[in-house]
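What follows is a set of notes on a single structure, which appears directly below.
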Amino acid sequence: MTVRTRFAPSPTGFLHIGGARTALYCWLEARHRGGQFILRVEDTDRTRSTDEAVQAILDGMAWLGLDHDEGPIYQTDRGDRYRAVAHSLVEAGKAYYCTCTRERLDTLRQASLDEGRKPRYDGHCRGRRHLEAGETAVIRFQNPDHGSVAFDDRIKGRIEWANEELDDLVILRSDGWPTYNFAVVVDDSDMRISEVIRGDDHVNNTPRQINIYHALGLEPPAFAHLPMILGGDGQKLSKRHGAVGVMQYRDDGYLPHALLNYLVRLGWSHGDQEIFSNQEMVELFDVANVNSAPARFDFAKLDWLNQHYLKTNNPAAIAPQLGWHLRALGIDPDSGPAPADVVVALRERVHTLKEMAERARIWYAPVEHWDSAAVRKHLGAATAPAALAAARKAFATLPDWSPEAIHEAIKLVSAELEVGMGKVAQPLRVAMTGTQVSPSIEHTVFLAGRDGALQRIDTAIERSAGAHAGEA
RNA sequence: GCUCCCUUCGUCUAGCGGUCCAGGACACCGCCCUCUCAAGGCGGUAACACGAGUUCGAGUCUCGUAGGGAGCGCCA
């Protein structure tokens, strides 16, 4: 039997981090076993579902590169099918019409709670196979009264429930639309899903669904319930923790693969391996190895992974994404150095592309802000004027404008002046950036461009003179 | 309240009865390297929730306790 998995979000918001991991695991399981991955949109709650949310989910999956083989299939397109199956269940004596009022149901629920029992429908309408003309009703599934339901969860192991714990759930609402527990069964069986991988908030629904499978004469698929992802404080993930849409991670400067790598290791492992290419994930992933305990989301590790990929990916591949972030900051990438060169200079110093774009700003516009401590300490140094002048002269005639050539030139200057590298590099650094922190000096100078570098040195020499005059 | 699930360093995890005075990674601390900041190298602190039981032997199996979580809708 070919493996078929599905990701079935309800379009009531963006694709958040938990959904993204579920989608990833479903995708990996399908790819690993050479099967198909199906995307299904569970939009039967028409009051909460929106087209924008559908688009946000599609965008998020596309950004992560989780491509589906079938779908998106919309449940709202399948109303007739659910109604037909629900009515067939009534005819088969396995479901019935229920006309109980909300008031009666509420009273019932409250009474159970007051007595310390689990709220449960009492079966009042059991046996109603027909409706009077004009009467509206829901259809309830008639759950078995005795015995138990069990299944072997691929992550949590065997789970068993007494049927006494379950009640007759509504499968078709009075508006003719199916409820979740019924729609999934019809869909998963129609779509020949072999493995249901979903959040473990669905564990409690599984026995009800299995009973429906049996009533329909169907064999249930395999189930794998993923533990949830918690915020860094161990609380349920909320917006302040990163429960934002995955597209926010793009905006914050994360590489999609870094997020994927982080997510795949959150709750799953393969020995001591931390870094996984897409191909390795597909080869090694097995849903049965997923941890059964919930995991906390840790930005520090995500940052580390993101930087790892920033450092090891081809700069040319990262350049367009840096360009995107530069533009987001209102910087024209064409007004300064090539983004790929910026990547090389900054990738060991930042964790995200956003941070990289912010720090790249100094090469796309003249120095505006001069750090006074930096000016005083380095432009005001006794050897600064001579160092700057010598460097300027060397740069002006450098045959090859490259970090390597610049590095050699600076070494030569420091040797000639008989001062340490720092005495040349630091004044230059302040000249280029207005601060005393930047990438290695040769890259910092290189990125300014020859003309830009000479200009910045001229400006700095004036300031240096001012600093010395101020002392005198 | 009831039912179900979960519990190894701060965090993610390895561990599938002896090779574990518990390994790796992130974070943190220290040293080295060094033109700043990083990156990198080396080293360090740090965990089997608790209690019984099974066993020659338990982080690993069983049962309790405690603590977390989920579900109990004409939401998904």
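Bear in mind the structure is a predicted one, so any value in this text is a computation, not a measurement. Protein chains get the first letters and strands the later ones, always in sequence-line order, with residue 1 at the start of each.
Below the 3.5 angstrom threshold, one finds a donor paired with an acceptor across the side chain of Glu274(A) and the base of G24(B). Residue Ser174(A) places a side-chain atom within donor-acceptor reach of the base of C74(B), judged by atom type and a 3.5 Å distance cut-off alone. Put simply, the side chain of Glu442(A) and the base of C35(B) share a donor and an acceptor less than 3.5 Å apart. Evaluation of atom-type donor-acceptor distances gives a pair under 3.5 Å for the side chain of Arg349(A) against the base of C37(B).
Put simply, Ser292(A) has a side-chain N or O that comes within less than 4.0 Å of OP1 or OP2 on U7(B). For U13(B), the OP1/OP2 oxygens have a side-chain nitrogen or oxygen of Asn291(A) closer than 4.0 Å. Side-chain N/O atoms of Lys311(A) include one lying less than 4.0 angstrom from OP1 or OP2 on G40(B). Between Arg102(A) and C74(B) there is no side-chain N or O to OP1 or OP2 distance below 4.0 Å. For Ser438(A), no side-chain nitrogen or oxygen approaches OP1 or OP2 of U36(B) to under 4.0 Å.
Listed for the Asn261(A) side chain is no donor-acceptor partner under 3.5 Å among the backbone atoms of Ile275(A). Side chain of Arg6(A) to main chain of Arg40(A): no donor-acceptor pair is present (N/O by atom type, distance under 3.5 Å, no hydrogens or angles). With hydrogens and angles disregarded, a donor-acceptor distance shorter than 3.5 Å links the side chain of Arg129(A) to the backbone of Ala95(A).
Between the CG atom of Asn181(A) and the P atom of G73(B) there is a distance of 11 Å, rounded to whole Å. The interatomic distance linking Glu165(A) (CD) with C4(B) (P) rounds to 7 Å, in whole Å. Separating the CG atom of Asn143(A) from the P atom of G73(B) is a distance of 14 Å, rounded to the nearest angstrom.
If you check every strand for non-hydrogen atoms under 4.0 Å, Arg296(A) touches sugar and phosphate atoms only. Residue Pro207(A) is classed as having no contact, given no heavy-atom separation below 4.0 Å to the nucleic acid. At the heavy-atom level, Ile441(A) lies under 4.0 Å from base atoms of the strands shown. Within 4.0 Å of His202(A), counting heavy atoms only, lies at least one base atom of the nucleic acid. Across all strands shown, Arg48(A) has heavy atoms under 4.0 Å from base atoms, whether or not it also approaches the sugar-phosphate.
Tyr121(A) carries Arg140(A) over the face of its six-membered ring, with the cationic atom under 6.0 Å from the centre and within 45° of the normal.
Each of Pro178(A) and Pro294(A) lies near RNA chain B, and the nucleotide nearest Pro294(A) is the one positioned closer to the 5' end. A residue-by-residue look at Gln426(A) and Asp272(A) shows that Asp272(A) has its nearest nucleotide of RNA chain B further toward the 5' end.
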Open item on the list: Show, in sequence, the C-alpha distance, side-chain angles and deciding distance for Tyr180(A) and His202(A), and conclude whether the ring pair (Phe, Tyr, Trp, His ring centres under 6.0 Å) test is met.
Closed with: CA-CA 11 Å; Tyr180(A) 167 76; His202(A) 288 295; 5.1 Å; yes

- [ ] Could you walk me through whether Asp168(A) and Gln142(A) pass the side-chain hydrogen bond (donor to acceptor under 3.5 Å, both in side chains) test, one step at a time?
- [x] CA-CA 5 Å; Asp168(A) 294 349; Gln142(A) 187 166 321; over 6 Å; no

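Base pairing of G30(B): its partner is C42(B), meeting the Watson-Crick or G-U wobble criterion (both donor-acceptor distances under 3.5 Å). A 3.5 Å limit on both hydrogen-bonding distances identifies U65(B) as the Watson-Crick or G-U partner of A49(B).
Between A14(B), C72(B), U36(B), one nucleotide has an atom nearer to the side chain of Pro119(A) than all others, and that is C72(B).
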